[in-house]
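As a basis for the values below, the full set of heavy atoms in this structure was taken, side chains included, without hydrogen atoms, waters or symmetry mates. Here the structure is a predicted model, which is why all the values come from computation and not from measurement. Position 1 is the first residue of the sequence; numbering continues from there.
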Amino acid sequence: NQVVDAELNNLDESLKFQQSMPTVPRGFTKNRAALYAKPLDLDLRRLGQHIHAVLLFSHVAPAMQDIRRVTEHPRFKDGIDAVDPVFRAEVLVPWLESLASQRTTAAGKDAWGWLNRYRSRAGAATMFGNIKNSAQNLTGVPLALTVVDREYLFPALNDVLRDREGALQRVSDASDYARDRFANANIYEISDRLEALVTSRSKQSEVVAWFEKNAYWVQRLTQEPIDAAVWLGAYNQAIVEIGANLEGDAAHNEAVQRADSKLRQTQTSNNPEDLSPAERGSAMAKLFLQFRGWFINFGNFISSEVQIRRMDENSASLGALYVMGVFVPLVGAELIDSLVDGDPVDEDDDGAIFDDLFDRTLRAHLSAITGAIPYWGDAGAVAFATLFDKNSWNSRMPEPPTLSVLRRGIAATRTGDFSDARKLRSVLSMIATITGVPVNKLLGPLLSGYELATGQADTEGQFGPVVEVPRALITGRTNRPR
């Protein structure tokens, strides 16, 4: 009977999907067995893992059960499959798995797990006191303007600038999601505190732990006010859009959800549930995607907005999306990069700057495109350079930042001559990656002063020594003499 066979096939597919749906494991809630004779685990350093498991089971498991009731409903499955047959298996299940496990890496034992520590230390060595990266956070404002009207975003930004702490507190009180972003507290920080209580830490370990915790303090100076302004602007806009459709707590809760969504879409987040599937791979895979989170989030957001606006058949809306969502953020970040690094405007010294500005704009767009496509984007960049770059013979696949730091540091130590400050910088970056103490950033201004004093760095720059010397001393970045 074909009808019966079809029904059985549908039932079998439904059962397979249910079995593939992620859940929070019961683990320690199982009944005790009298014949279970393995020794008890009395290692207090694993107390943090136990707390993590308890929190998952107590708070995440009930929510996962509610989600499964929706995702396994026939009307939901049929509707999703009609639009995209592979969405549930390739997008929904991986996302729910990261939501249930609260892990940023793939489940299971990872032979390359030890690389996570060095990747984290390399990131801290790069981002600690990184003024350029902190300034580039400002480009999140025009990106937010693509989904939050300026009549709501600018007043919210003004409120945040006048009372930063008060605005952050109001947002934190209204939104659990925003509070987690601002507090920067997670189970790993709690685990670190517990480990400090039950183990005898050396002074070096305490110093490393402090730097790891405060690696992004400069970035938070600019990102937190922007996050608060985006959330407040999106919330106020949602309240107006909802109007009389909802009242009281229902309107407030809906507005909070919309504000959380706008904040999550336009401002990068490292929470497990906010990462793309490519970013939730093994430690080795994550090594190649370090510092790519913003580009991947940016690419996903812009591509989604393009599809939404194309459905509305509004070409003016697409144009506004490109200007505020692509051109202004990318060119603005490139301009900040040039000013902080002191790069010359006329790079080819031909007396004309328009060709250099066009080249920088083009490279900014290409970097965003290749950065938004994991792995294949790098291959595309190499192919482009091979075809159009005059130095195509030197084109090669970009190496992970962590490996690049180690390679350059080892190469600099071969000669043993550290009179060249650039070689010394490479060695300090390698030491920072290995030890976890960003000595490269701490000693950066001193090295800049040494380079300026010994003639190893340009003292004129674009605006003369009055600007170039303080810039080099503050940022710790210099340029070769012309």
Side-chain angles (χ1 to χ4, degrees), residues 118 120-138 203-204 206-208 210-223 291 333-349 356 360 401-402 404-482:
Y118 293 102
S120 176
R121 289 179 174 179
T126 302
M127 292 300 177
F128 185 84
N130 194 318
I131 298 175
K132 178 173 65 176
N133 185 256
S134 179
Q136 288 176 331
N137 286 339
L138 300 176
K203 292 295 183 181
Q204 179 183 354
E206 293 180 357
V207 171
V208 171
W210 186 90
F211 279 113
E212 288 181 349
K213 181 181 177 181
N214 297 279
Y216 293 86
W217 69 273
V218 173
Q219 286 81 351
R220 296 180 65 182
L221 294 178
T222 54
Q223 190 60 59
F291 305 135
E334 188 69 20
L335 177 62
I336 292 172
D337 181 89
S338 177
L339 292 176
V340 174
D341 288 349
D343 296 333
V345 178
D346 187 9
E347 294 182 348
D348 50 11
D349 294 325
D356 299 283
R360 278 187 170 273
T402 302
S404 176
V405 168
L406 296 176
R407 178 186 60 79
R408 287 181 295 175
I410 294 174
T413 58
R414 289 179 177 177
T415 61
D417 180 16
F418 299 118
S419 58
D420 186 348
R422 292 185 178 273
K423 292 184 178 180
L424 187 55
R425 288 179 188 273
S426 298
V427 175
L428 292 177
S429 296
M430 180 180 67
I431 294 175
T433 300
I434 296 175
T435 64
V437 180
V439 290
N440 58 327
K441 295 295 184 179
L442 298 176
L443 299 179
L446 295 178
L447 286 177
S448 295
Y450 171 75
E451 289 179 284
L452 294 171
T454 58
Q456 297 184 36
D458 180 24
T459 58
E460 294 296 327
Q462 292 293 315
F463 308 102
V466 176
V467 175
E468 179 63 17
V469 172
R471 182 207 64 78
L473 293 176
I474 293 173
T475 63
R477 304 178 71 90
T478 59
N479 291 305
R480 293 286 190 184
R482 299 187 181 182

Legend entry - Side-chain donor or acceptor of Gln456 paired with backbone N/O of Ala421 under 3.5 Å: yes
Inset, instruction - Kindly indicate, with the supporting measurements, whether the criterion side chain to side chain contact (heavy atoms under 4.5 Å, CB included) is fulfilled by Thr478 and Asp458. - result: CA-CA 7 Å; Thr478 59; Asp458 180 24; over 6 Å; no
Inset, instruction - Measure across Ile434 and Leu406 and return the closest heavy-atom pair with its distance rounded to 0.1 Å. - result: CG1-CD2, 4.3 Å
Inset, instruction - Identify, with sequence neighbours excluded, every residue that meets salt bridge (charged side-chain N to carboxylate O under 4.0 Å, His left out) alongside Asp337. - result: Lys132
Inset, instruction - Please report the closest heavy-atom contact between Ser426 and Ala412, naming both atoms and the distance. - result: CB-CB, 4.2 Å
Inset, instruction - Please check if the side chain of Thr402 supplies one atom and the backbone of Ala122 the other of a donor-acceptor pair under 3.5 Å. - result: no
Inset, instruction - Kindly write out the residues that satisfy side-chain contact (heavy atoms from CB on, under 4.5 Å) with Leu447, not counting sequence neighbours, or none if the list is empty. - result: Leu424, Arg425, Leu428
Legend entry - Residue pair Pro470 / Pro465: nearest heavy atoms and the distance that separates them: CD-O, 3.6 Å
Legend entry - Pairwise distance CD(Gln223) to CG(Leu138) - rounded to 0.5 angstrom: 9.0 Å
Inset, instruction - Please name the pair of heavy atoms, one in Val218 and one in Ser134, separated by the smallest distance, quoted to 0.1 Å. - result: O-OG, 2.9 Å
Legend entry - Spacing of Glu451 atom CD and Asn479 atom CG [to the nearest 0.5 Å]: 9.5 Å
Legend entry - side chain to side chain contact (heavy atoms under 4.5 Å, CB included) between Glu212 and Arg121, intermediate numbers included: CA-CA 7 Å; Glu212 288 181 349; Arg121 289 179 174 179; 3.8 Å; yes
Legend entry - Check: Gln136 side chain, Ala333 main-chain N or O, donor-acceptor pair, under 3.5 Å: yes
Inset, instruction - Scan for salt bridge (charged side-chain N to carboxylate O under 4.0 Å, His left out) pairs involving residues 462-478, sequence neighbours excluded, and state none if there are none. - result: Asp341-Arg477, Glu468-Arg471
Inset, instruction - For Arg360, enumerate each residue passing the salt bridge (charged side-chain N to carboxylate O under 4.0 Å, His left out) test, keeping only those at least two apart in sequence or located in another chain. - result: Glu334, Asp343, Glu347
Legend entry - Asn133 side chain to Gln219 backbone, donor-acceptor under 3.5 Å: no
Legend entry - Nearest non-hydrogen partners of Trp210 and Asn214, listed with the distance: O-ND2, 2.8 Å
Legend entry - Pairs where residues 440-450 contributes a residue and the test salt bridge (charged side-chain N to carboxylate O under 4.0 Å, His left out) is met, not counting sequence neighbours: none
Legend entry - Atom pair CD1 (Ile336) and CG (Asn137), whose distance is rounded to the nearest 0.5 Å: 9.0 Å
Legend entry - side chain to side chain contact (heavy atoms under 4.5 Å, CB included) assessment of Thr413 paired with Val427: CA-CA 7 Å; Thr413 58; Val427 175; 3.7 Å; yes
Inset, instruction - Give the minimum heavy-atom separation between Ala125 and Pro438, together with the two atoms involved. - result: CA-CB, 4.2 Å
Legend entry - Partners meeting side-chain contact (heavy atoms from CB on, under 4.5 Å) with Ser429 (sequence neighbours left out): Val405, Asn440
Inset, instruction - Look at atom OH of Tyr118 and say whether more than 12 heavy atoms of other residues, nucleotides or ligands are closer to it than 6.0 Å. - result: no
